A.B. asks: 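Have a look at the structure that comes next, please.
What you see is a predicted model; the values in this text were computed from it and never measured.
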Amino acid sequence: MVRFLLKRLLLAVSVLLAVSIVSFLMFFALPRDPVTGMCPKNCNAERLERVRTELGLNDPKPTQYVNYMKGIFVGRDLGSAQGGKCEAPCLGYSYVNSESVTDTFARVLPVTLNIVLPAAVLWLALGVGLGMISALRRGSLLDRISIGLTLTFASLQLYFVGAVLLLVFVYSLKILPTPRYVPFLENPIEWARGLVLAWVTLALLFSAIYARLSRAQMLETLSEDFVRTARAKGVAKRKVYGRHALRAAITPIVTIAGLDVGAALGGTVITETTFGIQGLGRTAVEAVRQGDLPTIMATVLVSALFVVAANIVVDLLYAFIDPRVRLG
């Protein structure tokens with residue numbers, strides 16, 4: 001287990017290093033001068049040059065990259081124009097917002113986490129549960145209704161479902177407030193009321209996919225030899241379905257779930273835009289529109305980190321879910 005974990009961590013570090021190099025090269029490949037986005041319109045050439053010097057933009061590109069990566073781990077000095085010392089993890093300075101990118105992420109990242117993680121619990125519980133029940137009741141009325149519902153929700157778009165829920169529950173019935181983020185520790189009830197529509201929207205769409213996937217996997221697993229052998233030995237149905245069939249069928253579902261959650265943590269752009277919530281995804285879109293290059297680069301790195309971490313967690317879960325998997 002330790003050897004496997006070390007190999008995965010080394011692979012993760014190499015992937016993140018490659019992503020950082022590519023994103024850094026893209027940062028400097030753009031023709032726009034990042035300093036001009038920070039200075040006002042009346043900023044003269046002398047001030048522009050002073051800011052470039054303080055930010056190290058006149059240094060050779062390899063030196064700038066090393067300083068950027070070093071700042072993530074030990075911090076760096078951004079100069080007096082940018083507030084001086086940037087404590088680790090320093091992800092650069094936003095020329096548009098006039099603040100450290102780390103401060104921006106500290107404000108918006110909890111919002112995305114509070115949207116994605118509860119929604120993931122909902123869509124996994126609803127989707128996998130419905131799919132498993134449909135597989136065990138194959139051909140029944142419940143199975144046909146389940147197939148119809150999953151096909152319907154899988155065909156819908158997030159911005160459409162979100163707009164319908166907003167129209168019904170916020171503007172027509174007025175039983176929910178306008179979606180917003182309230183920290184959980186500040187007011188748990190308002191936290192849930194402000195984000196429940198985003199959770200339900202994501203859960204409805206993702207659960208449709210997981211219901212179909214889990215149904216197909218469960219049907220395939222129930223036809224395997226080891227399941228038929230367990231039945232022939234007189235093992236109780238609950239053990240056959242729960243201990244043997246479910247554990248084997250859920251392995252590919254965990255893989256897809258890890259990728260989906262990791263990608264969603266990188267920024268739920270459409271969700272945040274639909275409900276008017278300022279999270280990581282909406283911040284990234286605004287950074288692209290405004291040419292805020294440090295924020296764009298930091299978003300790419302953080303998104304890659306989420307995907308890589310999710311893959312490591314999924315690989316480790318295999319050992320506990322499926323005994324056929326051997327880690328080495």
A.B. asks: Can you find a side-chain donor-acceptor pair between Tyr159 and Thr273 that sits under 3.5 Å?
C.D. replies: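 Judged by distance alone, the side chains do not pair up.
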
A.B. asks: How close do Ile115 and Ala198 get, heavy atom to heavy atom, and via which atoms?
C.D. replies: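 Shortest heavy-atom contact: CG2-CB, 4.2 Å.
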
A.B. asks: If you round to the nearest 0.5 Å, how far is CG of Leu9 from CD1 of Ile312?
C.D. replies: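 Interatomic distance, Ile312 CD1 to Leu9 CG, rounded to 0.5 Å: 5.0 Å.
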
A.B. asks: State, with a plain yes or no, whether a side-chain heavy atom of Ser172 is found less than 4.5 Å away from one of Leu167.
C.D. replies: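 A side-chain contact under 4.5 Å exists here.
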
A.B. asks: Hey, quick one: are Leu126 and Ile209 part of the same hydrophobic cluster, counting side-chain heavy atoms closer than 4.5 Å, chains of contacts allowed?
C.D. replies: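 Result: no, two separate clusters.
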
A.B. asks: What's the spacing between Asp260 CG and Ile253 CD1 if we round to 0.5 Å?
C.D. replies: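 Separation between the atoms: 12.0 Å.
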
A.B. asks: Could you give the distance from CE (Met218) to CD1 (Ile250), rounded to the nearest 0.5 Å?
C.D. replies: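 Interatomic distance, Met218 CE to Ile250 CD1, rounded to 0.5 Å: 9.5 Å.
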
A.B. asks: Has Glu272 got a side-chain atom pairing as donor or acceptor with Gly279's backbone, closer than 3.5 angstrom?
C.D. replies: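 Flag set: sc Glu272 to bb Gly279 pair under 3.5 Å.
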
A.B. asks: Spell out, as yes or no, whether a donor-acceptor pair under 3.5 Å connects the side chain of Thr299 to the backbone of Thr295.
C.D. replies: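 Checking the backbone N and O of Thr295 against the side chain of Thr299, a donor-acceptor pair under 3.5 Å is found.
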
A.B. asks: Does the side chain of Tyr210 reach to within under 4.5 Å of the side chain of Ile256, using non-hydrogen atoms?
C.D. replies: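 Counting from C-beta outward, Tyr210 and Ile256 do come under 4.5 Å.
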
A.B. asks: CZ of Arg137: more than 12 outside heavy atoms within 6.0 angstrom?
C.D. replies: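 Not more than 12 within 6.0 Å, no.
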
A.B. asks: I'd like to know if Ile296 and Val307 are part of one continuous hydrophobic network [Ile/Leu/Val/Met/Phe/Trp/Tyr, side-chain heavy atoms within less than 4.5 Å].
C.D. replies: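 No, because Val307 and Ile296 fall into different hydrophobic clusters, even though each may have its own neighbours under 4.5 Å.
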
A.B. asks: Heavy-atom distance under 4.5 Å between the side chains of Trp199 and Thr271, does that happen here?
C.D. replies: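 In short, these two side chains do not touch, never coming nearer than 4.5 Å.
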
A.B. asks: What verdict does the side-chain contact (heavy atoms from CB on, under 4.5 Å) test give for Phe275 and Leu195, after you've listed the backbone C-alpha separation in whole Å, the side-chain angles of each residue and the deciding distance to 0.1 Å?
C.D. replies: CA-CA 9 Å; Phe275 294 102; Leu195 298 177; over 6 Å; no

A.B. asks: Does any part of the side chain of Asp315, heavy atoms only, come nearer than 4.5 Å to the side chain of Arg8, both counted from C-beta?
C.D. replies: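 Yes; the side chains approach each other to less than 4.5 Å.
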
A.B. asks: Same cluster or not: are Leu151 and Leu156 linked, directly or through other Ile, Leu, Val, Met, Phe, Trp or Tyr residues, by side-chain heavy atoms under 4.5 angstrom apart?
C.D. replies: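 No, Leu151 does not connect to Leu156 through the hydrophobic network.
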
A.B. asks: Once rounded to the nearest 0.5 Å, what's the spacing between atom OG1 of Thr201 and atom CG of Leu122?
C.D. replies: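 Nearest 0.5 Å value for the OG1-CG distance: 11.0 Å.
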
A.B. asks: Assigning hydrophobic clusters by single linkage (Ile, Leu, Val, Met, Phe, Trp, Tyr; side-chain heavy-atom cutoff under 4.5 Å), is Val66 placed with Val22?
C.D. replies: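 No: no chain of side-chain contacts under 4.5 Å links Val66 to Val22.
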
A.B. asks: Looking at Ser94 and Asp292, what are the two nearest heavy atoms and their distance?
C.D. replies: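 Heavy atoms only, the tightest pair is OG-OD2, 2.6 Å.
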
A.B. asks: Step by step, would you call Asp59 with Asn67 a side-chain contact (heavy atoms from CB on, under 4.5 Å)?
C.D. replies: CA-CA 10 Å; Asp59 297 334; Asn67 290 335; 4.2 Å; yes

A.B. asks: Ignoring hydrogens, what is the shortest heavy-atom contact between Ala135 and Leu219? Give both atom names and the distance.
C.D. replies: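 Result for this residue pair: O-CD2, 3.6 Å.
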
A.B. asks: In Å and rounded to the nearest 0.5 Å, what is the OG1 to CZ distance from Thr112 to Phe306?
C.D. replies: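 Rounded to the nearest 0.5 Å, the OG1-CZ separation comes to 8.0 Å.
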
A.B. asks: Are Glu224 and Arg228 side-chain neighbours, meaning at least one heavy-atom pair lies under 4.5 Å?
C.D. replies: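 Result no, sub-4.5 Å side-chain heavy-atom pair not found.
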
A.B. asks: How many angstroms lie between OH in Tyr181 and CD in Glu186, if you round to the nearest 0.5 Å?
C.D. replies: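 Result: 9.0 Å between the selected atoms.
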
A.B. asks: Closest heavy-atom contact between Gly127 and Ser214?
C.D. replies: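 Heavy atoms of Gly127 and Ser214 come nearest at O-OG, 3.5 Å.
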
A.B. asks: Would you say Phe24 and Gln64 make side-chain contact, with heavy atoms under 4.5 Å?
C.D. replies: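 Answer yes - side chains close enough.
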
A.B. asks: When you compare the side chain of Leu316 with that of Val313, does any pair of heavy atoms fall below 4.5 Å?
C.D. replies: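 Val313 vs Leu316: side chains apart.
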
A.B. asks: Under the 3.5 angstrom rule, does the side chain of Arg282 hit a backbone N or O of Gly276 as a donor-acceptor pair?
C.D. replies: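 Indeed, once roles are kept as given, a pair shorter than 3.5 Å links the two residues.
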
A.B. asks: Should Phe160 and Val164 be marked as a side-chain contact (heavy atoms from CB on, under 4.5 Å) after you check the CA-CA gap, both sets of side-chain angles, and the distance that decides it?
C.D. replies: CA-CA 6 Å; Phe160 172 76; Val164 170; 3.9 Å; yes

A.B. asks: Shortest non-hydrogen contact from Ala208 to Phe153?
C.D. replies: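 So the minimum-distance heavy-atom pair works out to CB-CB, 3.8 Å.
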
A.B. asks: Is Glu99 salt-bridged to Arg107, going by a charged N under 4.0 Å from an acidic O?
C.D. replies: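 The answer is yes: the pair qualifies as a salt bridge.
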
A.B. asks: List the residues meeting side-chain contact (heavy atoms from CB on, under 4.5 Å) with Ala298, not counting sequence neighbours, and say none if there are none.
C.D. replies: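 Residues passing side-chain contact (heavy atoms from CB on, under 4.5 Å) with Ala298: Tyr68, Leu91, Val101, Phe105.
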
A.B. asks: Between Leu117 and Leu265, is any pair of side-chain heavy atoms under 4.5 Å apart?
C.D. replies: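 Result yes, sub-4.5 Å side-chain heavy-atom pair found.
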
A.B. asks: Do you reckon Val300 sits in the same ILVMFWY cluster as Val13, going by side-chain contacts under 4.5 Å, direct or chained?
C.D. replies: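 No; tracing contacts between hydrophobic side chains, which count when under 4.5 Å, never links both residues.
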
A.B. asks: Are there more than 12 heavy atoms of other residues, nucleotides or ligands under 6.0 Å from atom CD1 of Ile189?
C.D. replies: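 Atom CD1 in Ile189 is not crowded, with 12 or fewer foreign heavy atoms closer than 6.0 Å.
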
A.B. asks: Give me the atom names and distance for the closest heavy-atom approach of Leu130 to Ser146.
C.D. replies: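 Minimum heavy-atom contact is CG-OG, 3.4 Å.
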
A.B. asks: Considering the options Leu136, Val128, Ile147, Ile133, which one meets the side chain to side chain contact (heavy atoms under 4.5 Å, CB included) requirement together with Arg215?
C.D. replies: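 Testing each of Leu136, Val128, Ile147, Ile133 against Arg215, the sole residue satisfying side chain to side chain contact (heavy atoms under 4.5 Å, CB included) is Ile147.
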
A.B. asks: If you apply the rule side-chain contact (heavy atoms from CB on, under 4.5 Å), what do you find for Val161 with Gln157, and how did you get there?
C.D. replies: CA-CA 6 Å; Val161 176; Gln157 297 297 319; over 6 Å; no

